[in-house]
Amino acid sequence: MARDYYGLLGVAKNATDQEIKRAYRKLARELHPDINPDETAQARFKDVSAAYEVLSDPEKRRIVDLGGDPLESGGGGGGFSGAGFGGLGDVFEAFFGGMNTSGGARKPRGRVQPGADSLLRTRLSLAECAVGVTKHLTVDTAILCDVCTGAGTNGKSKPVRCETCGGAGEVQSVQRSFLGQVLTSRPCPTCRGAGETIPDPCHKCGGDGRVRARREIAAPIPAGVANGMRVRLAAQGEVGPGGGHAGDLYVEIVEQPHDVFVRDGDDLHCTIRVPMVDAALGTTVVIDTILDGPTELTIAPGTQPGEVSVLRGHGMPRLRSGARGDLLAHLDIVIPAKLDSKQTDLLRKYKGMRPSERAEVMSTQSEHNSGLFARLRASFSGR
């Protein structure tokens, strides 16, 4: 389960980079093990530092916003160095933008970087959610440059070592602080941390190794998806700088309302209007279900307003198991506000019968079934 990195720093999801940095500075002053030796504080400092590492990196923060965890696969470890917590380096990282505490220069990050994840939304009907569908989607994204195939160079030219940083990918400077002079490092402004530049870049991509393009993809949507769910398509996102491995594409489901059925998890609800006489005498109605087509629903004699009849296994499929939910029919008994003379006479005649005679009239085997029974049903059902 992805960690709540915003909650660890105590900032909102729309917090700016400066708000994130200020929140980390404040917590670092309180929790750093050189200041607060309490074991609980040390554990919290580790989590807070990991959260700052993630949220201060645009690509990692985007993964968090998509519902993932960029540190889940072990690619990072929370931004700590050395044994324990890396000394005061984490605090200075927040205060001064990257103090080098390892005793040597960092390695340049290189031109080739992994691509970012992408997100798009697609609308599905309730029937499409129930049976699954392949959606053909148009995606505007970064793809590999077909001229330089990611190299970023023009023709047979090659990248050269950056003259500004000497290939280190960073430049250093000395700053004065309340603790004295501090050596800080910044990504090189010329090569942007890559350690090399391209003197003769590709004419199509400008040296980036990728270009923007519109492409069509077929997204398989499994049966049972629901509103707000996301389907992951591996390596269908943005190609990274320098032709790096593409990120993932997430397709978010937007389920459209249905005219008859209301979805509640795996169950479906609908309202069936039943004439008063049909509810009293019992009847059978046909429901045009989502997956099973026309299906009969038996209304028992004496059904009361507000009762619910259940068709087991006629609801939505569960996403992984395929087991079906239920269809719940809420019965709305229609009672006429005014009776005509014919309806009044029929009801009075029925009311005047003895219980045994009523039972015979309601019996499906009764020879009188085509008489009073049929006329009652036809009159109040509009048939």
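Note that the numbering runs from 1 along the sequence shown for the chain. Just so it is clear, the structure is predicted and the values come from calculations on it, not from any experiment.
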From NZ (Lys204) to CG (Asn154), nearest 0.5 Å: 13.5 Å
His245, NE2 atom: more than 12 neighbouring heavy atoms under 6.0 Å: no
Candidate list Leu8, Ile20, Asp57, Leu27, test side-chain contact (heavy atoms from CB on, under 4.5 Å), partner Tyr52, passing option: Ile20
Closest non-hydrogen contact found for Val11 with Ala15 is CB-CB, 3.9 Å
For Arg62, does the CZ atom sit with more than 12 other heavy atoms under 6.0 Å from it, leaving out its own atoms? yes
Considering residues, nucleotides and ligands other than Glu216, do more than 12 of their heavy atoms fall under 6.0 Å from its CD? yes
Whether over 12 other heavy atoms sit under 6.0 Å from Glu30 CD: yes
Exactly one of Arg232, Lys135, Arg121, Arg123 should register a salt bridge (Lys or Arg N to Asp or Glu O under 4.0 Å) with Glu252. Which one does? Arg121
Atom pair CG (Leu268) and CE (Met316), whose distance is rounded to the nearest 0.5 Å: 6.0 Å
Distance (rounded to the nearest 0.5 Å) between Gln256 CD and Ser125 OG: 8.5 Å
With a 4.5 Å cut-off on side-chain heavy-atom distances among I, L, V, M, F, W and Y, is there a chain of contacts connecting Ile272 to Leu328? no
More than 12 heavy atoms of other residues, nucleotides or ligands under 6.0 Å from CZ of Arg212: is that the case? yes
Pair Arg29, Tyr24: side-chain N/O donor-acceptor within cut-off below 3.5 Å: no
So which of Val225, Thr122, Leu124 actually passes side-chain contact (heavy atoms from CB on, under 4.5 Å) with Val133? Leu124
Decide side-chain contact (heavy atoms from CB on, under 4.5 Å) for Glu238 and Arg210; before the verdict, give the C-alpha distance in whole Å, the side-chain angles of both, and the deciding distance to 0.1 Å. CA-CA 9 Å; Glu238 301 258 339; Arg210 56 182 183 167; 4.1 Å; yes
Compare every heavy atom of Cys270 with every heavy atom of Phe261, then report the nearest pair and how far apart it is. CD2-CB, 3.7 Å
Going through the distances and angles, do Val285 and Glu296 end up as a side-chain contact (heavy atoms from CB on, under 4.5 Å)? CA-CA 6 Å; Val285 298; Glu296 289 189 348; over 6 Å; no
